[in-house]
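The next block holds one structure in the form of structure tokens; read it before the comments.
Here is the naming used below: chain letters follow the sequence lines, and residue numbers restart at 1 for every chain.
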Number of protein chains: 2
Amino acid sequence: MKTVKISEAVVRRLPIYLRFLNELSKKNVYTVSSQDLGVKLDLNPAQIRKDLAYFGEFGKKGIGYDVDYLIEKIRQILKIDKVIPVALVGAGNLGRALCNYNAYLKDNMKIVAVFDELESKVGESINNLKVKPMRELKTTIQELNVRIGIITVPATEAQNVANQFVEGGVEAILNFAPIIIKVPNEIRVHHADFTAELQSLAYYLD
Amino acid sequence: MKTVKISEAVVRRLPIYLRFLNELSKKNVYTVSSQDLGVKLDLNPAQIRKDLAYFGEFGKKGIGYDVDYLIEKIRQILKIDKVIPVALVGAGNLGRALCNYNAYLKDNMKIVAVFDELESKVGESINNLKVKPMRELKTTIQELNVRIGIITVPATEAQNVANQFVEGGVEAILNFAPIIIKVPNEIRVHHADFTAELQSLAYYLD
DNA sequence: TAGATTGTTAATCGATTAACAATC
DNA sequence: TAGATTGTTAATCGATTAACAATC
């Protein structure tokens, strides 16, 4: 039932479940228990059952979960059962890496437009997409129905790009720039911050 | 006092504080309150004070925190007050992006070696580093005292690379491959998983 | 039927926030 | 002195885990 608010922690685990289930499906494994999943994903089985139970009764007592059925369900929950058009700003090294990294294509996230501020980058081809100038951002993402924006520009530009995404009607943003960007409440922002990730790792060194 | 166990959530916020403090310092701001920090970083001021108080009394009542002093302290806490040698495996797009992205250099994380399995990649130069073959991994990281390993290879190779890192004596791993890797308990692993990040964003679309 | 495993409640654990005395 | 802000305790809130009846 969607009446209970689903916590962010739960939502973040769903893609992890999905990925592993996809692997199982490829190996023609038809059924999986929360126990199995827990061992493989380093998670408590009770937590996995509880996470899934927020969205429905997907398992069978005494049996476990049907792999393909659960895949279908999680994809529906995550709303990636249809293609989601994504745009990316910043055709630098990281931007190019993300464009070429089409692993998410099979999960219906499709980068349909790439933009860069630099005239020298405009017109370049990345993975069959021509880099467009920033001035075309708003009209292009509206035309292409872009729903998620990815930011891979330097920190100094990130807020500006975010503003343009919001103006263009994007509903969510994945920000790789090392800065906290501010957007209206109804826009969802995730920060992919590997400098922070790396630094927090250092804490655990002896 | 280090007797209390510091939670992961706290450690993950420290780099965020640090980054913003660095910005303030560059702007010649000498003092900052938990209030100020909270507004800028979208965090509760009490939480910030509590986070910092785990490690000492860094502030002055009625005044706030001395920016440069707090920077120094957080860098000590994160153990990035001296250079930490890092190695990276996987000279693909993402790997190259991370190598060139030397923003973490100023925070003492230094990529000192890059490896790739493909003979065709070996010998290439990335940001003044020659890509080395995998067979040299163990000896090289031991010679260079590498303490953190970054994995940017395909999922199928990730566990294998992780094992080699562990054998070579690395203490922590940042894994970009979309798979949960298993390592001995004493090794710290963080997963930088932007496919998962992107997919969980989709959940929040209307 | 016996064994396995779910869905769910209750218990536990941990993290965040509010409040305020101490003090600059 | 008055105002501001810390460090810290206590209260609240939320997330994880254990336990078990239901049932395949």
Side-chain angles (χ1 to χ4, degrees), chain A residues 1-17 20-21 24 29-74 77 180 200 203, chain B residues 1-17 20-21 24 29-74 77 180 200 203:
Chain A
M1 267 172 288
K2 203 57 172 296
T3 44
V4 182
K5 210 204 165 293
I6 308 299
S7 91
E8 202 177 308
V10 173
V11 175
R12 276 178 191 277
R13 281 189 293 268
L14 295 177
I16 311 296
Y17 300 155
F20 184 64
L21 290 165
L24 289 181
V29 177
Y30 298 118
T31 291
V32 69
S33 69
S34 59
Q35 183 61 229
D36 298 342
L37 284 169
V39 170
K40 286 295 185 180
L41 303 176
D42 268 338
L43 294 169
N44 183 301
Q47 182 172 62
I48 296 173
R49 293 200 299 280
K50 200 160 198 277
D51 283 354
L52 297 173
Y54 282 117
F55 304 98
E57 304 197 358
F58 302 143
K60 284 210 185 5
K61 294 189 167 82
I63 310 281
Y65 300 90
D66 181 287
V67 171
D68 287 324
Y69 179 69
L70 192 51
I71 287 174
E72 195 192 317
K73 282 300 171 187
I74 294 182
I77 294 164
I180 310 291
S200 64
Y203 174 82
Chain B
M1 266 171 288
K2 203 59 173 294
T3 44
V4 182
K5 208 204 168 292
I6 308 297
S7 89
E8 202 180 306
V10 173
V11 175
R12 277 177 191 279
R13 281 190 293 268
L14 295 177
I16 310 296
Y17 301 155
F20 185 64
L21 290 165
L24 289 179
V29 176
Y30 298 117
T31 292
V32 70
S33 68
S34 59
Q35 183 60 229
D36 299 344
L37 285 168
V39 170
K40 286 296 186 180
L41 302 176
D42 268 339
L43 294 170
N44 183 300
Q47 182 172 63
I48 296 173
R49 293 200 298 280
K50 199 160 200 277
D51 283 354
L52 297 173
Y54 281 117
F55 304 99
E57 303 197 358
F58 302 143
K60 285 214 184 0
K61 295 191 168 83
I63 310 281
Y65 299 90
D66 181 286
V67 171
D68 287 325
Y69 179 68
L70 192 52
I71 287 174
E72 196 192 319
K73 282 301 170 184
I74 294 182
I77 295 163
I180 309 292
S200 64
Y203 173 81

Sub-4.5 Å side-chain heavy-atom contact between [X] and [Y]:
{"X": "A:V67", "Y": "A:Y30", "answer": "no"}
{"X": "B:Y203", "Y": "A:I6", "answer": "yes"}
{"X": "A:Y17", "Y": "A:D51", "answer": "yes"}

*Go through the steps to decide whether B:E72 and B:F58 satisfy the test side chain to side chain contact (heavy atoms under 4.5 Å, CB included), and finish with yes or no.*
CA-CA 11 Å; B:E72 196 192 319; B:F58 302 143; over 6 Å; no

*Start with the C-alpha distance between B:Y65 and B:R49, add both sets of side-chain angles, then the distance that settles side chain to side chain contact (heavy atoms under 4.5 Å, CB included), and finish with yes or no.*
CA-CA 10 Å; B:Y65 299 90; B:R49 293 200 298 280; 3.6 Å; yes

*Go through DNA chain D in 5' to 3' direction and return only the first and the last nucleotide with some atom under 4.0 Å of chain B's heavy atoms.*
D:dA4 to D:dT9

_A:S7 vs A:G62, nearer the 5' end of DNA chain D by closest nucleotide_ =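 Upstream on the strand: A:S7.
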
_If you assign each of B:K50 and B:Q35 to its closest nucleotide in DNA chain D, which residue comes earlier from the 5' end?_
B:Q35

_Go through it in stages, so that I can follow the logic: the residues are B:I74 and B:L52, the test is side chain to side chain contact (heavy atoms under 4.5 Å, CB included), and I'd like the CA-CA distance, side-chain angles, deciding distance and then a yes or no._
CA-CA 9 Å; B:I74 294 182; B:L52 297 173; 4.3 Å; yes

*Interatomic distance, B:K73 atom NZ to B:L21 atom CG [nearest 0.5 angstrom]*: 14.0 Å

_Toward the 5' end of DNA chain C, by each residue's nearest nucleotide, A:Y65 or B:E8_ =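 The residue closer to the strand's 5' end, by nearest nucleotide, is A:Y65.
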
*Determine which bases of DNA chain C form Watson-Crick or G-U wobble pairs with both distances under 3.5 Å, and write the result as a 5' to 3' dot-bracket string with | for other-strand partners.*
..||||||||||||||||||||||

*List the steps and the verdict of side chain to side chain contact (heavy atoms under 4.5 Å, CB included) for B:L14 and B:F55.*
CA-CA 11 Å; B:L14 295 177; B:F55 304 99; 4.0 Å; yes

*Give one of base, sugar-phosphate or nothing for A:E57, where a contact means two heavy atoms less than 4.0 Å apart.*
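Sugar-phosphate, backbone atoms only, no base.
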
